[in-house]
Structures are given as structure tokens and as C-alpha cells.
Amino acid sequence: MRLHYDLHSHSIASDGTLSPVELVTAAHAAGVDVLALTDHDTLDGLVEATQTARTLGLQLVPGVEISVSWQSQTIHVLALGIDPGCKLLQAGLAGLRDFRHWRAGEIGRRLSRAGIGGSYEGACALATGQCVGRTHFARFLVENGHARSVREVFKRFLVKNKPGYVSGQWASLEAALEWIHAAGGIAVIAHPARYGMTTSKLRRLIAEFRAGGGAGMEVVSGSHSREHNHAMALLCRNEKLLASCGSDYHGPQNPWVKLGQLPALPEGCQPVWDSDHWPLQ
Ligand code: AMP
Ligand code: MN
Ligand code: MN
Ligand code: MN
């Protein structure tokens, strides 16, 4: 029997809107057999998610989506099958969350100068977990009538050359890979088609990623278009990386992304879960 894998999802521990219990319950109802919870820069939801998964008979892959700065760009690296008790990983992620808190203050100050007050407090109030991010600012701005959608807030306020933009100072790729491997996990480049890189730049990223022991890339992603999935399948096969698939689910407010409703990995891609590297059986 073919199992249904969804190896990328978020809860209220970062910028998702479902609690870990609600997320795992929804994944189970959607027919997911193996779910990875991969919140941004925090392991906080994993205990609750693991307990719920055990009750429902679903396999929960403990994960995290690590923010990385690479060649003046932010990229995301998924860690799958990590030991949440790993001190090196915990300390690394704590440093990233410190940066998040400083950045949140800075975004708040910049938006104030642009005439939007109270956004720091508003974003922190919406961030119920340890991880405050741009999505919380975006939701606050929508709730307060500054834009019609989260997507519009990003476009008008939170990306490069816009008033609330602060550049990322995240983990180096090398450090993130060290943490992941110290925690016994497998490293996967998240939604590679979303970075706007040329294929040759993506190949340079993959070469560095592989040199640090990175093993996989997302081929099928809820953050990709169908064309992206096909282009990434080609790259994945050529580069001989393992292939992963994940919805990047953030909650029911984005009805165009569904848990576990992903197309199958294209022919010739070796799934991460079928490899010797896969940390879970
Ligand atoms: P942060 O890690 O706080 O910088 O925020 C990154 C998160 O913001 C991503 O994981 C997405 O959930 C969300 N995001 C990024 N770009 C956009 C966008 N253009 N529209 C909507 N959400 C976005
Ligand atoms: Mn997110
Ligand atoms: Mn991401
Ligand atoms: Mn994500």
C-alpha cells in the first residue's frame, strides 16, 4: 500500500494557525499517514504533535524549518527526523529566535515611521508561540485595514525595498547542516523553486549543501506551481539528491493549500523515505 506523506507543515508554534493537536487531527482526517511538523526555528510543537499522532496512529516526523542566510538571500532548510533533545540544535534555534525578536522590534519601528503604529505589539500578540515572524505582522496589518490580504502586506510592506523590510541575519548553511546532523536528522532544501534563483545558482547552492552533508530537496511543494515541481524533479534527478514532498500547510485560511493533497513524486525521483539516510522506520 502506498503511504501518504506530507513532510512540511506549520502550527501556532510558528506562523501556522492550528495548534499541533488540531494540525495532526486534520492531517489524519485528510488521509495523511506520515506527517512532518516543521515549524520555523522552533521545536515547541513537537511534544504535543507526537502525543496526538500516537493516539491517532499516524507517524509524526519531528522536524523544523531552519532560516538560513546564503549569499545575501534567505533560504529555508528542513530538518526531518531530528532528536528534539539535541542541545546543539536547540541552542542554534534559540539564537535564530533572538534575531526574530530583535527584527520584530525593528520592523515595528520602521512601520511606525511609515505611519502604521502598534504593529510590534500586534504581531507579538498574534504570535502565541516562541517564534514571531513576518506573517504575524501581515495578519495584524490586514486585521487593522492596512491591506486586504496577507499576500498584499508582504508585497507592499515586508519585502526588499519596502518600508517594513529588515534583511535576514540567519544561520549559515554550514551551521544549520551541523545542527541537523548532530540531531540525527536529514537535511532537505525547502521549496527550492521559490527563491527566484537561476538554475546555475541553485546548482551552486546544492553543491555547498551536499558538501555539508545535505541529502534532499523538496520536489513537490504546496509553495510550488506544477511547472516548478517538474523543473525541480529534473534538477533533483540530475543532482542525484533525494526527493521530498510537503504541503507547507499554514492553516485553513489558505484554502488553496491542502494537507496531504500532493501530486506523486515524478518518475525517477528517489523519495527521502526510501533511502538509507531516512532516520525513521
Ligand atoms: P519570516 O520567516 O518571519 O521572515 O516569514 C516567512 C514566512 O512568511 C514564510 O514561511 C511564509 O509563511 C510567509 N510568506 C513569505 N512570503 C510571503 C508572501 N509573499 N505572501 C504570503 N506569505 C508569505
Ligand atoms: Mn511560514
Ligand atoms: Mn519556507
Ligand atoms: Mn514552511
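Residue numbers run from 1 in the order of the sequence given. Counting starts at 1 for both ligands and their atoms, following the listed order. Any value given below was found using the heavy atoms of this structure, including those in side chains, with hydrogens, waters and symmetry copies removed.
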For D33 and H28, test the side chains for any donor-to-acceptor distance below 3.5 angstrom and give the result as yes or no.
no
Has H10 got an N/O/S atom less than 2.8 Å from the Mn ion (ligand 2)?
no
Please calculate the OD2(D15)-the Mn ion (ligand 2)-NE2(H40) angle and round it to 10 degrees.
100°
Considering only N, O or S atoms of E65, the one closest to the Mn ion (ligand 3)
OE2
For R110, is there an ion pair with E106 - N to carboxylate O distance below 4.0 angstrom?
yes
Are side-chain N/O atoms of S221 and D248 paired as donor and acceptor at under 3.5 Å?
no
I'd like to know: is the Mn ion (ligand 3) within the 2.8 Å range of an N/O/S atom from H8, strictly under that distance?
no
Scan R97, R100, H76 and name whichever one has a side-chain hydrogen bond (donor to acceptor under 3.5 Å, both in side chains) with D41.
R100
Rounded distance (nearest 0.5 Å) linking atom CE of M232 with atom CG of L265:
14.0 Å
Listing by chain and number, which residues have a heavy atom under 4.0 Å from ligand 1?
D15, H40, R100, R103, G133, R134, T135, V150, R151, F154, H250
Among the N/O/S atoms of H76, which is closest to the Mn ion (ligand 3)? Give the atom name.
ND1
Specify which N/O/S atom of H250 comes nearest to the Mn ion (ligand 2), by atom name.
NE2
Could you see if Y165 belongs to whatever hydrophobic cluster contains F140? Use Ile, Leu, Val, Met, Phe, Trp, Tyr and a side-chain cutoff under 4.5 Å.
no
Establish whether I12 and V257 are linked, either directly or via other cluster members, by ILVMFWY side-chain heavy-atom contacts under 4.5 Å.
no
Counting the benzene-type ring for Trp, do H191 and H228 have ring centres under 6.0 Å apart?
no
Would R151 and W256 count as a cation-pi pair here, with the cationic atom under 6.0 angstrom from the ring centre and within 45° of the axis?
yes
